[in-house]
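Notes to accompany the following structure.
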Amino acid sequence: MIDLAPWLCWIMPTIGSIAHYLLPKRIGRKRYIVTIGFTFITFIMATTMLPLLPIHGYKEIGGIWLSLPDGNYVEFAILIDNLSIILTNLVAFLSLLILIYSYKYMEGEPGEDRYWFFMSLFVGGMLILILANNFIFFFIGWKIVGLCSFALISHYYSDERKYWIGGPEPYPFQKPSRCGLKALFVTTLGDVALLASIIIIYLYSGTFSFMELYKNVNIWMSEIAKTPGLLTITILLFLCGPFSKSAQFPFHEWLPEAMSGPTPVSALIHAATMVKAGVYLVARVLPIFYFGTWILGIKEAYNFFLIVAIIGGFTAFLAATQAMVAIELKKVLAYSTMSVIGYMMLGLGIAGISSETLIEGFTSSIFHLINHGIFKAALFLCAGVLIHASGSIYITDMKLSSRTMKFTWIFMWISSLALIGIPPLSGFWSKEGILSSCYISGQYWIFILSVLTVAVTSFYVIRLMGVTFHSPNENNSNKNHEHGEASKIMLIPYGILAILTVIIGIVGPWINNMLYEFFAKEFYDIHLLEFHTLSIAHESIIPTILSIVMIVIGGLPAYYVYIANKLSSINIIERYGILKAFHKFLWNRWYIDSAFNKIFVYPILASREPTEKYLEGNMDLAINVGIPKLFSHISNNIRRIQTGILSINMLYALTFFVIILVFVIWVII
Amino acid sequence: MGDHMMYIPYALLQIVILPLIFSPIIALIGMKIGKRVGWITCSVLTYTTFLLIITGYNIWNSSSPIIEEYSWSIFLFNLKFGFLADGLSLPVALIMNIICNALVVYSIEYLDHRIHVIYKKSSNSLNAYYYSLFMFFATGLMGISFATNLIEVYVFLDILLIPLYFIMDSFGYIDRHKIAMMCFIWGFVAGVIFLGGSIIAYSQIGSFEISELSALIGKPLAIIASLFMLLGMLIKLAVFGFHVWLPWVHAEHPTCIAGILAAIVGIENYLIARIFIQHLFEIFELFSLPLMIWALITMIYGAMLTIAQDDVKRLYACSTIGQTAYSLLGLASCTTFGAIGGVFYFLSHSLGKAILFSVAGIIVYQTGIRNMQEMGGLAKKMPITASLCILGSMILSAIPPLSGFFAEWIMFVGIFGRGSFNMINMLIAIIGLFATFLTLIYTFWPAIRMFFGPLPSSLNNTKEAPLIMLLPLIILALISFIIGIYPEFITRFLTSSLTLGK
């Protein structure tokens, strides 16, 4: 049973994706309950694996899939260890709730069959990549996730005006089909790089299996390191994969536009699947690079952690600042996802940046992943309700009242505060963990940046809630939309999530310690920590105090302006030129998107005409027209000789005989 | 092992010759029953497919090749008419045959429509003409796959030119007479160059047998002979510089033939594997680096050219240039992985391209327009066609769980494997892999231009294509899917005959 459970975990939603197509159409929407049922089985199967925790070492179940010509093989097997069990449970649980929520949310939306197909496949793909024991199997899940995200982001592919995002006038809008394509392109660019590095690693190690790679790291990594720079190139190529999936700088521009699909899709992408895949991959290979850096002493392997930490820390800040000015509800949440994922990356980077912070960094990062999954799913599910209720995607137009939808209001506040990291909610503990391990590791620049991000986060979250629910004209609220509390099928899922946020928060330190022990034990079992005595972190109170101060620094102005409505944000910005410029800079997303467009997209589009007209056109002309012309030219010239006049022909004959004669004489002599 | 053999006499001969024998019969029956004769064509090909599967089953079990030899000419040269089914030729022949079969079924509706468009009437004889010519494709492709000597290869390459010329001339699109001639001349010139190389090789070793070609190594004219043969193949393969015929010929053919043309272009990759990788490896290695660079240029240029297209048929035509160059890159890497991946990729691409071209054909069939700027939102009207287009795009862009993914990574293991020794090779490998990213742009972006976005009011009455056109494509996609989840179906065959010494 236990051996079968992980297999069923990914098989169920994958098969379930076509279940509703096979059922007779006359059953109507009840068919989708069957689809949800498959994910429910996954959820049950996932929970049966929970008692296995903490697992000693790891377990692989499966067989040979494909034998390769060099005698190696690719396995079709599943890897069970603490990380995969925890993540499987998280994904199964969140997906189940999101699917249940969608049952109500998607009622009457176009293309429902397609929606359920891709949602279920999405979950299946995510579970494949979590459970796979080797890179090839993993990559299949990875690509399925990418494809499903493309399909779901461009769900409203007809690009009707009401599904456009971006704006408002006079700013440009984005259409769903383009948003999906952008996501596909950006993530695939990362995938290609990732595949390149997987192949390079394979050529040196002869295996795709994660655990084999770990066991033989001393052989292959030392071998790669013999060529200077090659390991760094491999690491860079490798990290493009997780960075693009997890929307980290410089591959982050697809995520803010990825909310053009139905809201449960956003919830799934942000909380359970897709963006978490990148974090998972980094965590999955982290022991390999840790071993290389700290036990084998390979200097270049250290770059892995350095890059992850710097990019993570920077993206956290970058995204958070952009969230301060965004006015689309889901866009604010999208930025916050990028920012929080940045924290997770930072935590994983820190785990290897100093030899002492391995478990602190790793644990707090995974803990943050769990917490974020829960509260972000709640936030997005709430957002879906708000958008339905208000009929607007802009927080400035929502003018909702906390009275008419009390539960949603409460749940959303709880999740938001967890996002800021207010004690004792769940987000607080994991964020503290990341900050303090960053502090301990001695990377003060990154630490300062991430503490600043705390203030920014606090600001934008309170602004979000303030503008949405506490706008000054709350009383003359939107008359067009009679909004009340959401239906129970929708309310209960995010209610559960919000309550869970509180519960995890209350027992936070205990869970943190539990995870700490799990991973510490595992790392001992795989001999990652053999050579190091586990130094009990010199607990420091400084990061905690700093971050609470920062929450207040960021939160108070936001409270004054957006909740208490003592000041008008527009007036403040108009008054100070520098703030206005700053606002413009952030509103334009640091001009990164437009820069990418100028560097990559426009040149490709601009190259189209010259390529067809000049390059291909001229080559075509030269060869397909030129050569035949040449022949006809030659033949015309030759034809001219044949005049048909008898005397001239006689002349030719004479010449011919003379030549023959001369030749014969020359031969004889 | 022997117990599992299912022996069918003259299986390979039947596979190659039967279509040709049926060609006049189909012409006669077709005069009476018109387009329905397509079903007879289909049943002949189904029978040969069945034979191929049996043969494949035997090879899978015994892992030894099957050879049939018939005397051809004993006067001037001792020439045998041999057929060799081994791990390399069998999957190629099988996939080619399945594609032919699928496209025959597809053409039943499509071609009749085409006849109405061109000749403004329904005509039994034109249908008969088409299907009897179509049989030449099956014979040609099967013959190339199983051929054991260079003359056979040449003959079957030229057999392919006959239907290509006549079908283009009668049923093609814009400027069909001129382009039919262009197609014939290019194909013929390439064939003659190949024949020239074969004759030079014969002058050195006294044999046309492919299996005896390795004796050529070390002979004075070995390089010249190889260069000629290779040049002939490269012209047909449409590498950069020689590609100018392909966009015309490929795009203006009826789409059912365009799908086959992609296979005809790609099968040169198989010939490179058969002739050079298997028997002239030492000589091929000399060309390795220049060929890889040439392939790389072709990949990038082909991608740029494809991205530049607005015409849906020309789009998929141009994409063939880059796609076949991927296989060439794999083969030219001179590694086991590269060769296996290269041939595998060619098979996968043929499946994908047959689907995509047929999708383009369906769009032209249903809407009458080719310009993608005038399209949009068609997914609403033709959801299955749209899904097929995405599936075909997935095969080309190597997105699992379809066949392209395994083919691509296996191929790139080879390309990188050659490359990890020095920086230039590494660079080629990385640029090559990033060039596959361009595939995604030129497959998915057009798909979105055609099927997503708002529906122009002029296309409001568009209907989904008839099932008879969709079903063959669905089967092709299904085959790609099966290979995609169990690639051993292809790789085990290829590995058994393409494993290089090193």
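A, B, ... follow the sequence lines: proteins, then strands. Residue 1 opens every chain.
Minimum interatomic distance between B:Gly453 and A:Asp159 (heavy atoms only, all atoms of both residues): CA-OD2, 3.4 Å. Contact detail for A:Ile604 and B:Ile441: the closest heavy-atom pair is CD1-CD1, 4.4 Å.
Within a 6.0 Å radius of CZ in B:Phe434, more than 12 heavy atoms belonging to other residues, nucleotides or ligands are found. Within a 6.0 Å radius of CZ in B:Phe188, no more than 12 heavy atoms belonging to other residues, nucleotides or ligands are found. Within a 6.0 Å sphere centred on CZ of A:Phe173, heavy atoms belonging to other residues, nucleotides or ligands number more than 12. Annotation for B:Lys381: atom NZ counts as buried by contact number, over 12 foreign heavy atoms lying within 6.0 Å. A 6.0 Å sphere centred on NZ of B:Lys313 holds more than 12 heavy atoms belonging to other residues, nucleotides or ligands. Within 6.0 Å of CZ in A:Arg178 there are 12 or fewer heavy atoms belonging to other residues, nucleotides or ligands.
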**Request:** Test A:Lys143 against B:Met394 for side chain to side chain contact (heavy atoms under 4.5 Å, CB included), laying out the working first.
**Result:** CA-CA 10 Å; A:Lys143 291 291 262 188; B:Met394 281 168 69; over 6 Å; no

**Request:** Starting from the C-alpha separation in whole Å, work towards a yes-or-no answer on side chain to side chain contact (heavy atoms under 4.5 Å, CB included) for A:Val192 and B:Leu440.
**Result:** CA-CA 11 Å; A:Val192 168; B:Leu440 190 84; over 6 Å; no

**Derivation of the side chain to side chain contact (heavy atoms under 4.5 Å, CB included) call for A:Leu195 and B:Phe412** = CA-CA 9 Å; A:Leu195 186 62; B:Phe412 272 97; 5.8 Å; no

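The part of B:Ile340 that comes within reach of chain A is its side chain, from C-beta onward, which places non-hydrogen atoms under 4.5 angstrom from that chain. In this structure, no portion of B:Phe242 lies under 4.5 Å from any heavy atom of chain A. For a residue to count as touching a neighbouring chain, one of its non-hydrogen atoms must lie under 4.5 Å from one of that chain's; by this rule B:Pro383 does not touch chain A. With a threshold of 4.5 angstrom between heavy atoms, B:Phe240 approaches chain A through side-chain atoms but not through N, CA, C or O. Both the backbone and the side chain of A:Ala193 come within less than 4.5 Å of a heavy atom in chain B. Heavy atoms of A:Leu184 lying under 4.5 Å from chain B belong to its backbone as well as its side chain. With a 4.5 Å cut-off on non-hydrogen atoms, A:Tyr202 touches chain B through its side chain but not through its backbone. Using a 4.5 Å cut-off between heavy atoms, B:Leu433 contacts chain A through both its backbone and its side chain. Only the backbone of B:Ala398 has a heavy atom closer than 4.5 Å to any heavy atom of chain A. The part of A:Phe208 that comes within reach of chain B is its side chain, from C-beta onward, which places non-hydrogen atoms under 4.5 angstrom from that chain. Using a 4.5 Å cut-off between heavy atoms, B:Met182 contacts chain A through its side chain alone, with no backbone atom that close.
Ring planes of A:Phe139 and B:Phe405: parallel class, angle under 30° (limits at 30 and 60°). Classified by interplanar angle (parallel below 30°, tilted 30° to 60°, perpendicular above 60°), the ring pair B:Phe452/A:Phe150 is parallel.
Ranking B:Ala379, B:Gly376, B:Pro401 against chain A, the residue ahead of the rest is B:Ala379, based on heavy-atom pairs under 4.5 Å. Chain B forms the most heavy-atom pairs under 4.5 Å with one residue out of A:Gly125, A:Ser67, A:Ser607, and that residue is A:Ser67. The candidate from A:Val74, A:Asn624, A:Ile623 with the greatest count of non-hydrogen atom pairs under 4.5 Å with chain B is A:Asn624. Contact count against chain A (heavy-atom pairs under 4.5 Å) is highest for B:Pro454 among B:Pro454, B:Gly377, B:Gly484. Comparing A:Ile198, A:Ile200, A:Ile144 by heavy-atom pairs within less than 4.5 Å of chain B, the highest count is held by A:Ile200. Between chain A and the options B:Leu305, B:Leu494, B:Ile185, B:Thr495, heavy-atom pairs under 4.5 Å are most frequent for B:Leu305. Top candidate by heavy-atom pairs under 4.5 Å with chain B, chosen from A:Ser177, A:Gly141, A:Ser158, is A:Ser158.
Atom OG1 of A:Thr188 sits about 6.0 Å away from atom CD1 of B:Ile399, to the nearest 0.5 Å. Here the OG-CZ distance, from A:Ser197 to B:Phe416, works out to 9.0 Å after rounding to the nearest 0.5 Å. Atoms OG1 and CD1, on A:Thr611 and B:Ile307 in that order, are 8.5 Å from each other to the nearest 0.5 Å. Between B:Trp186 atom CH2 and A:Ile627 atom CD1 the span is 6.0 Å, to the nearest 0.5 Å. Here the CG-CZ distance, from B:Asp310 to A:Arg608, works out to 4.5 Å after rounding to the nearest 0.5 Å. To the nearest 0.5 Å, atoms CG (B:Leu402) and CG (A:Leu147) are separated by 9.0 Å.
Between A:Leu203 and B:Val413, some side-chain heavy-atom pair lies under the 4.5 Å cut-off. Counting heavy atoms from C-beta outward, A:Glu616 and B:Gln309 have side chains that stay 4.5 Å or more apart. Residues B:Phe437 and A:Asp191 form no side-chain contact, since every pair of their non-hydrogen atoms from C-beta on lies 4.5 Å or further apart. When side chains are defined from C-beta on, B:Trp409 counts as touching A:Ile136, because their heavy atoms get closer than 4.5 Å. Within the 4.5 Å cutoff, the side chain of A:Ile199 has no heavy atoms near those of the B:Phe337 side chain. Looking only at side-chain heavy atoms (C-beta outward), B:Trp248 and A:Asp620 come within less than 4.5 Å of each other. Contact of the A:Leu66 side chain with the B:Arg492 side chain is not registered, since no non-hydrogen atoms from C-beta on lie closer than 4.5 Å. Contact of the B:Tyr301 side chain with the A:Leu615 side chain is registered, since non-hydrogen atoms from C-beta on lie closer than 4.5 Å.
Between the A:Tyr157 side chain and the B:Lys380 main chain, a donor and an acceptor come within less than 3.5 Å of each other.
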